[in-house]
Amino acid sequence: MSKMEQHLDSTLEQILELARWAPSGDNTQPWRFQILDPRRLVVHGHDTRDHCVYDLDGHPSQLSLGALLETMAIAASRFGLAAQIARRPEAPDARPTFLVDFVPAPRRAGDPLADAILARSVQRRPLSRRPLTPGEKSALTASLPPGFGVTWLEGRQRVAAARLMYRNAKLRLTMPEAHQVHQAVIEWNARYSADRMPDQALGVDPLTAKLMRWIMRDWRRVEFFNTWLAGTVAPRLQMDLIPGLACAAHFVLTAQRRPQRIDDYVAAGRAMQRFWLTATAQGLQLQPELTPLIFCRYVRDGRVFSGTPGMQQRAAELAQQGERLVGRQVWETAVFMGRIGAGAAAAARSIRRPLNELLVGPPAEGG
Ligand SMILES: Cc1cc2nc3c(=O)[nH]c(=O)nc-3n(C[C@H](O)[C@H](O)[C@H](O)COP(=O)(O)O)c2cc1C
């Protein structure tokens, strides 16, 4: 037994077994754990900005790391422990590193959100259009830490948000840079996937999934279908327009200021996870819709994200549409966006890498 495994007592093991179920973009799980002693560990984060067009400046990965840390803190509360978390400022931005100490908190009650950790999962299929009740909305609003707010898009705004997502999907499906990502993150013919997203969790019917798989093997096929056979229409209807209409509401989570630094995104990820777990606890289903916010940020920062002519212009139009939908203040301070509603839990889902694959030793010198 290695020294690190000796430190993994049953309490720490149970905390980490729960924490690893935190959500991450494309199920990348950008975290590894180095155990220092039974109540202390280092979370080594990483991001995918060098090969994933969506992971702009690593911000989506930082949201995921926030979700992981929040889940860890919630799980620890079950054992009468509080998680004290300090980011190591000397670690490079692309490798965020956190020291976590679990300290006794005997007077603090266990966080009831712990019961929702395993049940929480993305649901990309149509949901009920039943509006959220005032009770559901106030529980969701109350779940957010101070400084964060939620804007609901219901009724006609729900329809406008569905249209925004339909347009956003065209950008995603006609851009070679995104195609590369999609090829890498989908596990085909799968109901569960430990390190990617199973195709059955994507929200398309089996025939469309089969066709998508065949087309996506080769970018020239994608281009041909897109140009001559309206290839993006079936997947966009099934993955974006129909689910975008079939939900109670879309929502935007906002921070007090426009997020800029890594700590802003980690804090936003913590808020996102509390919101999502609360949705689960209320029997609601949720799907993140992060990509319009990412494209909008590329546009705002004047950064080119695609070698294909016309993509930047399309993203600029998308950004304008988003701003018209929610107003400038909300759009500029948005940290997360999604759709929500009552419905059955997803029948297919991403699972996780086993804990032993996530445990690491100290980083190599100079590495
Ligand atoms: C920061 C972040 C961004 C995400 N963005 C999207 C998105 O734009 N569209 C989507 O369908 N799912 C999105 N997801 C959901 C993940 O793909 C999903 O959480 C992950 O595959 C794990 O699956 P699970 O939530 O069912 O456990 C996002 C998740 C996170 C944490």
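The figures here come from the full heavy-atom set of this structure, side chains too, leaving out hydrogens, waters and symmetry mates.
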When you measure from the side chain of [X] to the backbone N and O of [Y], does any donor-acceptor pair fall under 3.5 Å?
{"X": "Gln123", "Y": "Ala344", "value": "yes"}
{"X": "Glu323", "Y": "Arg328", "value": "no"}
{"X": "Thr308", "Y": "Met311", "value": "no"}
{"X": "Arg191", "Y": "Ala347", "value": "yes"}
{"X": "Arg221", "Y": "Trp214", "value": "yes"}
{"X": "Asp55", "Y": "Thr48", "value": "yes"}
{"X": "Asp205", "Y": "Leu207", "value": "yes"}
{"X": "Gln29", "Y": "Arg353", "value": "yes"}
{"X": "Asp199", "Y": "Asn189", "value": "yes"}

request  = Mark yes when over 12 heavy atoms from residues, nucleotides or ligands other than Arg130 sit less than 6.0 Å from its CZ; otherwise mark no.
outcome  = yes

remark   = For Asp50, the side chain to side chain contact (heavy atoms under 4.5 Å, CB included) test, sequence neighbours excluded, returns none

query = Looking at residues at least two apart in the chain, or sitting in another chain, which of them share a side chain to side chain contact (heavy atoms under 4.5 Å, CB included) with Ser64?
reply = Ser24, Pro30, Trp31

Any luck finding a side-chain donor-acceptor pair between [X] and [Y] under 3.5 Å?
{"X": "His46", "Y": "Arg32", "value": "no"}
{"X": "Gln238", "Y": "Thr208", "value": "yes"}
{"X": "Arg339", "Y": "Gln287", "value": "yes"}
{"X": "His44", "Y": "Gln34", "value": "yes"}
{"X": "Thr174", "Y": "Arg314", "value": "yes"}

request  = Could I get the full list of salt bridge (charged side-chain N to carboxylate O under 4.0 Å, His left out) partners for Asp9, not counting sequence neighbours?
outcome  = Arg39

ask   = Taking side chain as C-beta onward, heavy atoms only, is Leu127 less than 4.5 Å from Pro243?
value = no

ask   = How about Phe102 and Met72: do any of their side-chain heavy atoms sit closer than 4.5 Å?
value = yes

Going by the rule side-chain hydrogen bond (donor to acceptor under 3.5 Å, both in side chains), which residues pair with [X] if we only count those two or more places apart in sequence or in a different chain?
{"X": "Asp218", "value": "Arg220"}
{"X": "Gln14", "value": "Ser10"}
{"X": "Arg352", "value": "Asn27"}

Taking NZ, NE, NH1 and NH2 as the nitrogens, is one of them in [X] or [Y] under 4.0 Å from a carboxylate oxygen of the other?
{"X": "Arg258", "Y": "Asp264", "value": "no"}
{"X": "Arg167", "Y": "Glu317", "value": "yes"}
{"X": "Arg87", "Y": "Asp263", "value": "yes"}
{"X": "Asp240", "Y": "Arg163", "value": "no"}

Result block: side-chain N/O donor-acceptor pairs under 3.5 angstrom for residues 269-282, not counting sequence neighbours:
| residue | atom | partner | partner atom | Å |
| --- | --- | --- | --- | --- |
| Arg270 | NE | Glu70 | OE1 | 2.7 |
| Arg270 | NH2 | Glu70 | OE1 | 3.1 |
| Gln273 | NE2 | Thr71 | OG1 | 3.1 |
| Arg274 | NH1 | Glu70 | OE2 | 2.6 |
| Arg274 | NH1 | Asp111 | OD2 | 3.3 |
| Arg274 | NH2 | Asp111 | OD2 | 3.0 |
| Thr278 | OG1 | Arg274 | O | 2.6 |
| Thr280 | OG1 | Trp276 | O | 3.1 |

At what distance, to the nearest 0.5 angstrom, does [atom1] of [X] lie from [atom2] of [Y]?
{"X": "Thr291", "Y": "Met337", "atom1": "OG1", "atom2": "CE", "value": "9.0 Å"}
{"X": "Leu202", "Y": "Met197", "atom1": "CG", "atom2": "CE", "value": "6.0 Å"}
{"X": "Glu13", "Y": "Leu355", "atom1": "CD", "atom2": "CG", "value": "6.5 Å"}
{"X": "Lys210", "Y": "Ile215", "atom1": "NZ", "atom2": "CD1", "value": "13.5 Å"}

request  = Could you list the residues that satisfy ring pair (Phe, Tyr, Trp, His ring centres under 6.0 Å) with Tyr298, not counting sequence neighbours?
outcome  = Phe305

ask   = Taking only residues two or more places apart in sequence or in another chain, which ones pass ring pair (Phe, Tyr, Trp, His ring centres under 6.0 Å) with Phe336?
value = none

query = Regarding Arg120 and the six-membered ring of Trp21, is the cationic atom NZ or CZ under 6.0 Å from the ring centre and inside 45° of its axis?
reply = no

Exercise answer: donor-acceptor pairs, residues 89-98 side-chain atoms, under 3.5 Å, sequence neighbours excluded:
| residue | atom | partner | partner atom | Å |
| --- | --- | --- | --- | --- |
| Thr97 | OG1 | Arg95 | O | 2.9 |

Name every donor-acceptor pair, under 3.5 Å, that has one atom in a side chain of residues 150-157 and the other anywhere in the protein, sequence neighbours excluded.
| residue | atom | partner | partner atom | Å |
| --- | --- | --- | --- | --- |
| Glu154 | OE1 | Lys137 | NZ | 2.9 |
| Glu154 | OE2 | Lys137 | NZ | 3.2 |
| Gln157 | NE2 | Leu325 | O | 3.1 |

inquiry  = Quick test of your reading: applying ring-ring contact (aromatic ring centres under 6.0 Å, His included), list the pairs with at least one residue in residues 161-212, sequence neighbours left out, ordered by first then second residue.
reply    = Tyr54-His182, His179-Trp219

